[in-house]
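Down below is the structure, laid out as structure tokens.
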Amino acid sequence: MREHLPILPILFPLLAAPLAALLHWRRGAWAVSTLASLGAFGSAVALLLEVLRGGTLSYALGDWAAPYGIEYRVDSVGAYVLLVVASVAVVVMPYAARSVAREIGHQREPYLYSGLLL
């Protein structure tokens with residue numbers, strides 16, 4: 001699990017976005033987004049603890065080496081920033097349902113939670 005830890009905080013919202021858009025149910029889209037933010041927060045905490053314990057982590061996307069593929073590296077500063085961003089998302093999401101419904105309307109809510117609302 002340690003070798004895939006750097007990519008987990010990215011995968012939670014990335015996988016939740018299409019699901020939220022396909023639901024067409026505003027409370028369901030909100031729930032999926034809230035669960036994704038909680039998952040990203042939990043994995044950000046685990047990632048920070050792992051980076052503080054063992055140093056910089058590296059993840060080769062697509063399992064290709066660095067000059068040909070993309071290498072994703074997480075150091076302690078990046079892990080702290082990720083934790084701050086994930087913490088803000090976790091704090092904001094309980095209040096988002098009422099605020100979003102008032103500002104953009106019920107029909108467009110799932111698209112906002114998925115990131116497709118322009």
Checklist line | Pairing residues for Phe12 by the ring-ring contact (aromatic ring centres under 6.0 Å, His included) criterion, not counting sequence neighbours | finding: none
Margin query: Per the salt bridge (Lys or Arg N to Asp or Glu O under 4.0 Å) rule, what does the pair list look like for residues 36-45, sequence neighbours excluded?
Written below: none
Item checked: Shared hydrophobic cluster, Leu22 / Trp25 (ILVMFWY, side-chain heavy atoms < 4.5 Å) -> no
Notebook entry, point to check: Leu48 and Leu5: same hydrophobic cluster, using ILVMFWY side-chain contacts below 4.5 Å?
Noted result: no
Next item on the list: Would you confirm whether Trp30, through its side chain, and Met93, through its main-chain N or O, come within 3.5 Å as a donor-acceptor pair?
Entry: yes
Margin query: Is there a path of hydrophobic side-chain contacts, each under 4.5 Å between heavy atoms of I/L/V/M/F/W/Y residues, joining Leu8 to Val74?
Written below: yes
Check: Atom CD1 in Ile10, atom CG in Leu14: separation rounded to 0.5 Å?
Finding: 8.5 Å
Notebook entry, point to check: Taking all non-hydrogen atoms of both residues, which atom of Ala40 and which atom of Pro9 are closest, and how far apart?
Noted result: CB-O, 3.9 Å
Check: So with a 6.0 Å cut-off around OH of Tyr80, is the heavy-atom count from everything else above 12?
Finding: no
Check: Linking I/L/V/M/F/W/Y whenever any side-chain heavy atoms sit under 4.5 Å apart, do Val45 and Val90 land together?
Finding: yes
Identify every side-chain donor-acceptor pair in residues 51-59 under 3.5 Å, counting partners at least two apart or on other chains, and give the distances.
residue	atom	partner	partner atom	Å
Arg53	NH1	Glu50	OE1	2.8
Ser58	OG	Glu71	OE2	2.4
Tyr59	OH	His4	ND1	3.2

Check: What's the shortest heavy-atom distance between Leu83 and Phe41, and which atoms?
Finding: CD1-CE1, 3.7 Å
Note to self: To check you understand the geometry: which heavy-atom pair defines the closest contact between Pro18 and Leu15, and what is its length?
What the structure shows: CD-O, 3.5 Å
Margin query: Looking at Ser43 and Gly39, would you say the former's side chain and the latter's main chain have a donor-acceptor pair under 3.5 Å?
Written below: yes
Note to self: Is it the case that the side chain of Ser37 and the backbone of Thr34 share a donor-acceptor pair, with hydrogens and angles ignored and the cut-off at 3.5 Å?
What the structure shows: yes
Margin query: According to a hydrophobic-cluster definition based on side-chain heavy atoms being under 4.5 Å apart (Ile, Leu, Val, Met, Phe, Trp, Tyr only), do Ile70 and Leu11 belong together?
Written below: yes
Check: Roughly how far apart are Leu35 CG and Leu19 CG, rounded to 0.5 Å?
Finding: 10.0 Å
Next item on the list: Mind listing the closest non-hydrogen atom pair of Ala20 and Ala29 along with its distance?
Entry: O-CB, 3.7 Å
